[in-house]
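Please read all numbers here as calculations on a predicted model, not as lab measurements.
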Amino acid sequence: MFEAVSSITEGRGTTRPFELIGGLAGDFDHHWGDRLNARNLPGVEFREAYFTPTAAGQKPQLLNKLCAGVEVKVVDRERYDPIRVGVAMLVEARKYAAFAWRADNWIDKLTGSSRLREMIDAGADVDDVVGAWTGELADFDGRRGSYLLYG
């Protein structure tokens, strides 16, 4: 989902793409990881990270610039919920003044509607955002059951 945030790199151009997430040092800092760890999200830990994306594929405004953020460490795959973690990371990142969605609202295309972006921009917390699609998810799970090849 961080592909849709113009001010944050998802670690492309580093030795740990999609494990290192951050923005320009000075705009983002270690407190992002502190706040994420305080949420006690199951199956994941965050470590303070500083890195410099140096390869093609990076957002041009972050290429060869010192970035500050977090290293995402999955410690229990069975308990890890990547969508909840991604939403939590966005909610906490949105607290930084430098946070900026891509101008084309790419997040709306990635998530299927403007709901996630609008809720985060309005200050909704993780449970509110994830809970917003619980009914739709339950409906989908009920309908898909007869189409599964393996139980």
Side-chain angles (χ1 to χ4, degrees), residues 1-24 27-51 53 57-59 61-62 67-151:
M1 291 187 279
F2 287 97
E3 182 180 315
V5 181
S6 64
S7 57
I8 294 178
T9 172
E10 57 280 340
R12 295 175 195 257
T14 72
T15 59
R16 295 179 120 31
F18 310 108
E19 292 178 32
L20 295 172
I21 312 291
L24 290 176
D27 291 343
F28 292 87
D29 59 27
H30 67 280
H31 296 296
W32 187 17
D34 294 342
R35 289 193 307 269
L36 288 165
N37 282 323
R39 287 180 172 275
N40 295 311
L41 296 162
V44 67
E45 296 173 356
F46 301 90
R47 187 169 67 182
E48 175 181 1
Y50 296 90
F51 55 96
Q58 182 49 246
K59 295 171 181 168
Q61 67 274 26
L62 300 173
C67 293
V70 296
E71 179 180 1
V72 181
K73 300 296 288 183
V74 176
V75 296
D76 184 343
R77 289 188 183 281
E78 297 300 316
R79 298 180 62 221
Y80 174 63
D81 181 347
I83 300 300
R84 178 175 286 281
V85 168
V87 171
M89 292 178 71
L90 288 170
V91 165
E92 291 299 339
R94 183 69 180 87
K95 295 175 180 176
Y96 288 96
F99 181 93
W101 299 108
R102 277 180 36 175
D104 61 1
N105 289 328
W106 187 247
I107 192 70
D108 298 357
K109 293 171 183 72
L110 291 175
T111 60
S113 77
S114 62
R115 181 171 37 192
L116 179 131
R117 176 180 50 82
E118 290 171 351
M119 289 184 76
I120 290 173
D121 284 348
D125 199 36
V126 178
D127 289 337
D128 298 323
V129 176
V130 173
W133 61 70
T134 302
E136 294 163 354
L137 185 58
D139 180 53
F140 173 77
D141 281 343
R143 287 182 299 162
R144 81 181 182 114
S146 64
Y147 297 99
L148 296 175
L149 296 177
Y150 305 99

*Asp104 side chain to Trp106 backbone, donor-acceptor under 3.5 Å*: yes
*Taking Val72 as the fixed residue, which of Val44, Leu20, Leu36 is the one that meets the side-chain contact (heavy atoms from CB on, under 4.5 Å) rule?*
Val44
*Using atom types as modelled and distance alone, determine if a side-chain donor or acceptor of Asn37 lies under 3.5 Å from a backbone N or O of Phe46.*
yes
*Closest heavy-atom contact between Glu10 and Ile21?*
CA-CD1, 3.7 Å
*Taking all heavy atoms of Ala49 and all of Val70, pick out the closest pair and write down the distance.*
CB-C, 3.8 Å
*asked:* Taking Tyr50's backbone N and O only, do any of them form a donor-acceptor pair with Glu71's side chain (distance below 3.5 Å, no angle check)?
replied: no
*Ile8 and Leu62: which non-hydrogen atoms are nearest, and at how many Å?*
C-CD1, 3.7 Å
*Exercise: identify the closest heavy-atom pair between Val85 and Tyr80*: CG2-CE1, 3.7 Å
*Under the 3.5 angstrom rule, does the side chain of Ser7 hit a backbone N or O of Ala98 as a donor-acceptor pair?*
yes
*Do Arg35 and Glu92 pass the salt bridge (charged side-chain N to carboxylate O under 4.0 Å, His left out) test, and can you show the C-alpha distance, the side-chain angles, and the key distance before you say yes or no?*
CA-CA 7 Å; Arg35 289 193 307 269; Glu92 291 299 339; 2.7 Å; yes
*asked:* Does Arg39 form a side chain to side chain contact (heavy atoms under 4.5 Å, CB included) with Val126? I'd like the steps, not just the answer.
replied: CA-CA 10 Å; Arg39 287 180 172 275; Val126 178; 3.4 Å; yes
*Lys59 side chain to Arg12 main-chain N or O, any donor-acceptor pair under 3.5 Å?*
no
*Side chains of Asp108 and Trp101, donor plus acceptor under 3.5 Å*: no
*Salt bridge between Arg47 and Glu45, side-chain N to carboxylate O under 4.0 Å?*
no
*Any chance you could lay out the side chain to side chain contact (heavy atoms under 4.5 Å, CB included) test for Arg115 and Val129, step after step, and finish with the verdict?*
CA-CA 8 Å; Arg115 181 171 37 192; Val129 176; over 6 Å; no
*For Ala68 against Phe28, the heavy-atom pair lying closest together*: CB-O, 3.3 Å
